[in-house]
**Student:** 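Quick one: the structure is below, questions incoming.
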Amino acid sequence: MTSDNDRRRGLLARLRGRPAARSRGRRRLGAAVRLFAALMLAGGAYTVFAPGAQAQDNPPLTGAAAEGKALFDVSCVTCHGRNAQGVEGRGPSLIGVGAASVEFQVSSGRMPMARQEAQAHRKPPVFTDEQTRQLAQYIQELGGGPVVPEGDELRDGGNVAAGGELFRINCSQCHAFGGGGGALSSGKFAPSLHPATDRQIYAAMLSGPQNMPVFGDNQLRPEQKADIIAYIQETLKHDQDPGGFNLGRYGPSTEGLAIFLVGIVALVFASLWIAGKS
């Protein structure tokens with residue numbers, strides 16, 4: 001009797017549990033359907049908005065930059081690659097160098113290079129000033145970077161005395177006290193500053209070409225850059241060498257050589273002449 005009652009109770013319990021099991025199954029199925037719908041909605045939203053985001057990451061070039069890209073594709077792509085990402089063994093990436101670097105290299109004729117050397121030499125520029133600005137604008141819009149301020153007279157308002165002090169502290173070690181340049185290691189050299197324009201000097205300080213360090217606005221403020229340019233343009237380029245022959249303004253090396261060849265040799269001959277007379 002007891003066993004029959006137990007079997008009845010077990011059967012009733014199973015019958016009562018089936019609706020609960022079905023309810024749990026429906027809830028799980030509903031959750032899976034909702035999750036699938038949410039994933040489909042997210043995928044659809046990404047498909048719709050992703051092309052717009054990509055278009056914003058690659059905005060259209062301005063007119064000057066488009067002209068610069070046309071020049072780049074003809075004259076620069078061989079060494080610097082498409083999209084200016086560089087070609088190994090030929091030319092570095094230009095992403096992030098800014099318009100200042102392009103303006104210095106191109107306006108001074110250093111780029112395009114005739115051949116691979118330890119350092120690019122100054123030569124007559126291949127591009128006009130307008131074309132140089134277009135190339136610089138293209139590289140600027142491609143990857144950003146330092147930009148030279150507008151105008152050609154960037155030394156206006158500069159303090160020549162302060163510029164001389166800054167030049168002797170930061171520049172004379174390589175470019176010499178007279179701005180004539182000097183030799184460096186591994187076939188490199190600091191070029192003469194005498195042919196450089198205001199914009200080229202400013203661009204060189206911003207971009208740090210070859211072995212030159214970068215003098216950003218954190219190292220030299222814009223007004224200090226103007227002081228240095230004023231000193232170079234108004235003093236070094238117009239110094240009449242009141243002390244006599246400047247020996248190329250190459251510094252103590254040429255002066256020591258001249259003293260040895262002229263002074264010491266003259267003293268030796270004078271000593272021999274005096275000895276012969278006595």
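Small disclaimer: the values here were computed from a predicted structure and weren't measured.
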**Student:** Going from CG on D152 to CZ on R199, what distance comes out if it is rounded to the nearest 0.5 angstrom?
**Tutor:**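 The distance works out to 6.5 Å.
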**Student:** Taking the side chain as every heavy atom from C-beta outward, state whether N170 and L220 have any atom pair closer than 4.5 Å.
**Tutor:**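 Result yes, sub-4.5 Å side-chain heavy-atom pair found.
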**Student:** So I201 and I232, do their side chains get closer than 4.5 Å, heavy atoms only?
**Tutor:**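 Yes, close enough: below the 4.5 Å cut-off.
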**Student:** Mind listing the closest non-hydrogen atom pair of P191 and Q119 along with its distance?
**Tutor:**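 For P191 and Q119, the tightest heavy-atom pair comes out as CD-NE2, 4.3 Å.
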**Student:** Charged N to carboxylate O under 4.0 angstrom, E67 versus K69?
**Tutor:**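 Not counted as a salt bridge, because no side-chain N and carboxylate O are separated by less than 4.0 Å.
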**Student:** When you compare the side chain of M212 with that of C174, does any pair of heavy atoms fall below 4.5 Å?
**Tutor:**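 When only atoms from C-beta onward are counted, M212 and C174 do not touch, as no gap falls below 4.5 Å.
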**Student:** If I compare all heavy atoms of L94 with all of I139, which pair ends up nearest, and what's the gap?
**Tutor:**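 Minimum heavy-atom contact is O-CG2, 3.5 Å.
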**Student:** Heavy-atom distance under 4.5 Å between the side chains of T78 and R90, does that happen here?
**Tutor:**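 Yes, at least one pair of side-chain atoms sits under 4.5 Å.
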**Student:** Spell out, as yes or no, whether a donor-acceptor pair under 3.5 Å connects the side chain of N83 to the backbone of Q85.
**Tutor:**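 Checking the backbone N and O of Q85 against the side chain of N83, no donor-acceptor pair under 3.5 Å is found.
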**Student:** More than 12 heavy atoms of other residues, nucleotides or ligands under 6.0 Å from CG of D129: yes or no?
**Tutor:**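 No - once you tally the heavy atoms of other residues, nucleotides and ligands closer than 6.0 Å, there are 12 at most.
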**Student:** Do the side chains of M205 and I228 get nearer than 4.5 Å, heavy atoms only?
**Tutor:**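 Touching, per the 4.5 Å side-chain cut-off.
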**Student:** Does the S271 side chain pair with the main chain of L267, one donor and one acceptor, at a distance under 3.5 Å?
**Tutor:**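 Judged by distance alone, yes, a pair lies under 3.5 Å.
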**Student:** When you look at F189 and H175, which way does the ring pair (Phe, Tyr, Trp, His ring centres under 6.0 Å) test go after all the steps?
**Tutor:** CA-CA 9 Å; F189 59 92; H175 293 284; 9.9 Å; no
**Student:** From Q137 CD over to L61 CG, what is the distance, rounded to the nearest 0.5 angstrom?
**Tutor:**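 CG of L61 is found 9.0 Å from CD of Q137.
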**Student:** If hydrophobic clusters are built by linking Ile, Leu, Val, Met, Phe, Trp and Tyr wherever their side-chain heavy atoms come under 4.5 Å apart, do Y202 and V106 end up in the same one?
**Tutor:**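 No, it is not one cluster - the side chains of Y202 and V106 are not joined through contacts under 4.5 Å.
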**Student:** Spell out, yes or no, whether F260 and V268 are grouped together once hydrophobic residues are joined by side-chain heavy atoms under 4.5 Å, including indirect joins.
**Tutor:**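 Yes, because F260 and V268 connect within a single hydrophobic cluster, where side-chain heavy atoms sit under 4.5 Å apart.
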**Student:** Counting only heavy atoms from other residues, nucleotides and ligands, does the tally under 6.0 Å from CZ of R122 exceed 12?
**Tutor:**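 Yes, the 6.0 Å shell around CZ holds more than 12 heavy atoms from other groups.
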**Student:** Tell me, do Q105 and M113 make a side-chain contact under 4.5 Å, heavy atoms counted?
**Tutor:**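 A side-chain contact is absent here, since even the closest heavy-atom pair is not under 4.5 Å.
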**Student:** Pick from Q134, Q140, E141: which one makes a side chain to side chain donor-acceptor pair (under 3.5 Å) with T62?
**Tutor:**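 One option only clears the test, and that one is E141.
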**Student:** Keeping the roles fixed (side chain from N159, backbone from D227), state whether a donor-acceptor pair exists under 3.5 Å.
**Tutor:**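 No; judged by distance alone, with no hydrogens or angles, the pair does not exist.
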**Student:** How many angstroms lie between OG in S207 and CZ in F215, if you round to the nearest 0.5 Å?
**Tutor:**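 Between atom OG of S207 and atom CZ of F215 there are 11.5 Å.
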**Student:** Using every non-hydrogen atom in the two residues, find where S107 and Q200 come nearest and quote the distance to one decimal.
**Tutor:**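 Here S107 and Q200 meet closest at OG-NE2, 3.2 Å.
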**Student:** Indicate the atoms forming the closest heavy-atom contact of S186 with A118, along with that distance.
**Tutor:**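 The pair with the smallest heavy-atom distance is O-CB, 3.6 Å.
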**Student:** Hey, are the side chains of T132 and F104 touching, using non-hydrogen atoms and a 4.5 Å cut-off?
**Tutor:**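 No; the side chains remain at least 4.5 Å from each other.
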**Student:** Would you please say whether a donor-acceptor pair under 3.5 Å links the side chains of S108 and R110?
**Tutor:**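 Side chains of S108 and R110: pair found under 3.5 Å.
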**Student:** Are L257 and V265 linked, directly or through intermediate hydrophobic residues, by side-chain heavy-atom contacts shorter than 4.5 Å (ILVMFWY only)?
**Tutor:**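 No, V265 does not connect to L257 through the hydrophobic network.
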**Student:** Is there a donor-acceptor pair closer than 3.5 Å between any side-chain N or O of E103 and the backbone N or O of A100?
**Tutor:**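 A pair under 3.5 Å: no.
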**Student:** Using the side chain to side chain contact (heavy atoms under 4.5 Å, CB included) rule, take V87 and H80 through it: C-alpha gap first, then chi angles, then the decisive distance, then the call.
**Tutor:** CA-CA 5 Å; V87 177; H80 295 288; 6.0 Å; no
**Student:** Write down the atom of L154, the atom of A226, and the distance for their closest heavy-atom approach.
**Tutor:**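 Heavy-atom minimum between the residues: O-CB, 3.5 Å.
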**Student:** For E88, does the CD atom have more than 12 heavy-atom neighbours from other residues, nucleotides or ligands under 6.0 Å away?
**Tutor:**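 Open.
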**Student:** Taking a hydrophobic cluster as the set of Ile, Leu, Val, Met, Phe, Trp and Tyr residues connected by side-chain heavy atoms closer than 4.5 Å, whether directly or through intermediates, do V77 and V74 fall within one such cluster?
**Tutor:**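 Result: no, two separate clusters.
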**Student:** Could you tell me whether R221 and D217 make a salt bridge, using a distance below 4.0 angstrom between a side-chain N and a carboxylate O?
**Tutor:**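 Between D217 and R221 there is no salt bridge, as every charged N stays at least 4.0 Å from the carboxylate O atoms.
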**Student:** Check the pair E223, K225 against salt bridge (Lys or Arg N to Asp or Glu O under 4.0 Å), reporting the backbone distance first and the verdict last.
**Tutor:** CA-CA 5 Å; E223 57 269 24; K225 292 182 175 70; over 6 Å; no
**Student:** Please find the pair of heavy atoms, one from V147 and one from L206, that lie closest to each other, and give the distance.
**Tutor:**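 Heavy atoms of V147 and L206 come nearest at O-CD1, 3.5 Å.
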**Student:** Is V102 reachable from V214 through a run of I, L, V, M, F, W or Y residues, each pair having side-chain heavy atoms under 4.5 Å apart?
**Tutor:**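 They do not share one cluster, since no chain of ILVMFWY contacts under 4.5 Å joins V214 to V102.
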**Student:** Could you list the residues that satisfy side-chain contact (heavy atoms from CB on, under 4.5 Å) with R168, not counting sequence neighbours?
**Tutor:**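 side-chain contact (heavy atoms from CB on, under 4.5 Å) list for R168, sorted by chain: E165, S172, F177, Y231.
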